[in-house]
Amino acid sequence: MSDKPKGPPFKPKRLYGRRKGHPLSDYQAGLIDALMPKLAVNVDGPVDLADLFDSPGPLRLEIGFGGGEHLCHRAAALPDWNFIGVEPFENGMAKCLAGVDRNGLKNVRLLMDDARFLLDQLPTASVDHIDLLYPDPWPKLRHNKRRFVNQGNLDEIARVLKPGGKFCFASDIPSYVDWTLDHLRRHPGFAWQASSAADWRTPYDGWLSTRYEQKAIREGRTPHYLTFVRLNQPGD
Ligand SMILES: C[S@@+](CC[C@H](N)C(=O)[O-])C[C@H]1O[C@@H](n2cnc3c(N)ncnc32)[C@H](O)[C@@H]1O
């Protein structure tokens, strides 16, 4: 595992999933044009976090935030923290911008692209918490390799997390939960923080159920909440 940002991003990385959906309303298009540039994280080179935020503070990332409801909820609840949300789907980003605008959030920055570009450019040991909530499940065996949880992405997540930092993964898809537990157990940088058998059934503190979770529950699937802690490894 390298301990440095990888420098100029290696483009293209192939994104599996949509970038555009139905046409935006005038209000949403206005937010993308006027507010997005003010909040956008530049990943053309190493990210300077001191320059990015108004004040220093612990840093939390949310990867694939959908409409940004959970991100905005956390950012409003934790005004002393800084947040970066990543979502390549323009309609989701427009919803999140509306949430940021409506709630007057000053501690949120955004990337409308593949989260791997951000991970590549973040400083080593700079992030306190990463949320990956209901990532695209890619349930067919031949598509499993598209899952966001994989060895390469875990190496980058381990690199950017501070020792003691948390990686939270939620999913309603048992095969993806097993896959994630397998990958994380094999990774020397993480330990699964489960103190009892009920642990993975209990929502995170301060949880706001995401849109995708609500759909899963309506359709009879069970949420799983996994929390991994970044270990302090020799050589870190
Ligand atoms: C199943 S949805 C879940 C959305 C939201 N987290 C929720 O729980 O409602 C997965 C999201 O991940 C986003 N996504 C997929 N690949 C991504 C990537 N490489 N980087 C960042 N986001 C990604 C998709 O655009 C989509 O919005």
Side-chain angles (χ1 to χ4, degrees), residues 6 9-22 24 28 32 36 39-41 43 47 60-75 83-100 108-122 127 129-140 143-157 160 167-177 179-180 183 200 203-204 206-219 221-227:
K6 285 181 183 158
F10 168 66
K11 291 200 181 193
K13 291 184 198 283
R14 179 155 179 206
L15 177 77
Y16 299 103
R18 297 185 297 171
R19 285 185 187 268
K20 294 215 183 236
H22 58 76
L24 300 180
Q28 289 177 321
I32 295 278
M36 185 68 208
L39 304 183
V41 183
V43 292
V47 175
R60 184 161 175 163
L61 307 186
E62 186 169 332
I63 295 173
F65 58 63
E69 297 85 358
H70 177 266
L71 174 69
C72 290
H73 164 74
R74 294 290 186 187
F83 289 79
I84 301 178
V86 192
E87 175 53 63
F89 185 49
E90 187 183 50
N91 301 64
M93 183 57 77
K95 282 193 183 129
C96 183
L97 286 166
V100 169
V108 176
R109 300 293 180 271
L110 299 165
L111 176 66
M112 189 160 65
D113 210 332
D114 189 325
R116 292 172 296 175
F117 294 133
L118 176 69
L119 292 174
D120 282 354
Q121 298 297 352
L122 282 172
V127 181
H129 188 121
I130 297 181
D131 290 306
L132 180 64
L133 307 174
Y134 297 93
D136 292 327
W138 298 114
K140 288 185 183 149
H143 291 155
N144 283 178
K145 59 182 178 298
R146 299 179 179 184
R147 288 174 167 171
F148 198 85
V149 173
N150 60 48
Q151 181 68 39
N153 288 347
L154 288 180
D155 284 349
E156 279 301 279
I157 288 172
V160 302
F167 172 49
C168 290
F169 169 96
S171 178
D172 57 316
I173 304 296
S175 76
Y176 201 177
V177 173
W179 164 283
T180 298
H183 277 75
W200 59 265
Y204 303 116
W207 178 242
L208 178 92
S209 183
T210 69
R211 285 159 70 94
Y212 188 90
E213 178 177 88
Q214 287 172 29
K215 179 167 178 277
I217 291 171
R218 277 197 306 275
E219 292 172 4
R221 294 188 299 278
T222 305
H224 299 64
Y225 308 95
L226 308 183
T227 302

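All ligand and atom numbering here is 1-based and tracks the order in the structure. FYI, side chains are in, hydrogens and waters are out, and symmetry mates aren't considered; it's all heavy atoms of this structure.
When only non-hydrogen protein atoms are considered, atom 16 (N) of ligand 1 lies nearest to Leu15 CD1, 3.9 Å. In terms of protein heavy atoms, atom 2 (S) of ligand 1 is closest to Tyr134 O, 3.6 Å. Of the protein's heavy atoms, Pro88 CD, 3.2 Å lies nearest to atom 22 (N) of ligand 1. Here the protein heavy atom with the shortest distance to atom 20 (N) of ligand 1 is Ala115 N, 2.9 Å. Protein heavy atom at the shortest distance from atom 5 (C) of ligand 1 is Gly64 O, 3.5 Å. Nearest protein neighbour of atom 27 (O) of ligand 1, counting heavy atoms only, is Glu87 OE1, 2.7 Å. Annotation: atom 9 (O) of ligand 1 to nearest protein heavy atom, Tyr212 N, 3.0 Å.
In summary, the atoms of ligand 1 found under 4.0 Å from a heavy atom of Asp136, numbered by their order in the structure, are 1 (C), 2 (S), 10 (C), 15 (C), 24 (C). Residue Phe148 approaches ligand 1 through these ligand atoms, each under 4.0 Å from one of its heavy atoms: 19 (N). If you number the atoms of ligand 1 from 1 as listed, the ones under 4.0 Å from a heavy atom of Thr210 come out as 7 (C), 8 (O), 9 (O). In summary, the atoms of ligand 1 found under 4.0 Å from a heavy atom of Leu133, numbered by their order in the structure, are 3 (C), 5 (C), 6 (N), 8 (O).
Heavy-atom separations between Arg211 and ligand 1 include at least one value shorter than 4.0 Å.
Classified by interplanar angle (parallel below 30°, tilted 30° to 60°, perpendicular above 60°), the ring pair Tyr134/Tyr212 is tilted.
Minimum interatomic distance between Leu119 and Phe148 (heavy atoms only, all atoms of both residues): CD1-CZ, 4.1 Å. The nearest pair of heavy atoms linking Phe65 to Gly92 is CE1-O, 3.9 Å. When all heavy atoms of Cys96 and Cys72 are compared, the pair lying nearest together is O-SG, 3.9 Å. Summarising the geometry of Met93 relative to Ile32, their closest heavy-atom pair is CG-CD1, 4.2 Å, with the distance given to 0.1 Å. Leu133 and His70 make their closest contact through CD1-ND1, 3.3 Å (heavy atoms, listed as atom of the first residue, atom of the second, distance).
In terms of polar-atom proximity, Asp114 is counted as a contact of ligand 1, with an N or O under 3.5 Å from an N or O of the ligand.
At a threshold of 4.0 Å, the pair Arg211-Glu69 counts as salt-bridged, since one of the basic side-chain nitrogens sits closer than that to a carboxylate oxygen.
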- prompt: After noting the C-alpha distance and the side-chain angles of Leu61 and Leu122, does the key distance pass the side chain to side chain contact (heavy atoms under 4.5 Å, CB included) rule?
  reply: CA-CA 11 Å; Leu61 307 186; Leu122 282 172; 3.8 Å; yes
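A cation-pi contact links Arg147 to Tyr176, judged by a cut-off of 6.0 Å to the six-membered ring centre and 45° from its axis.
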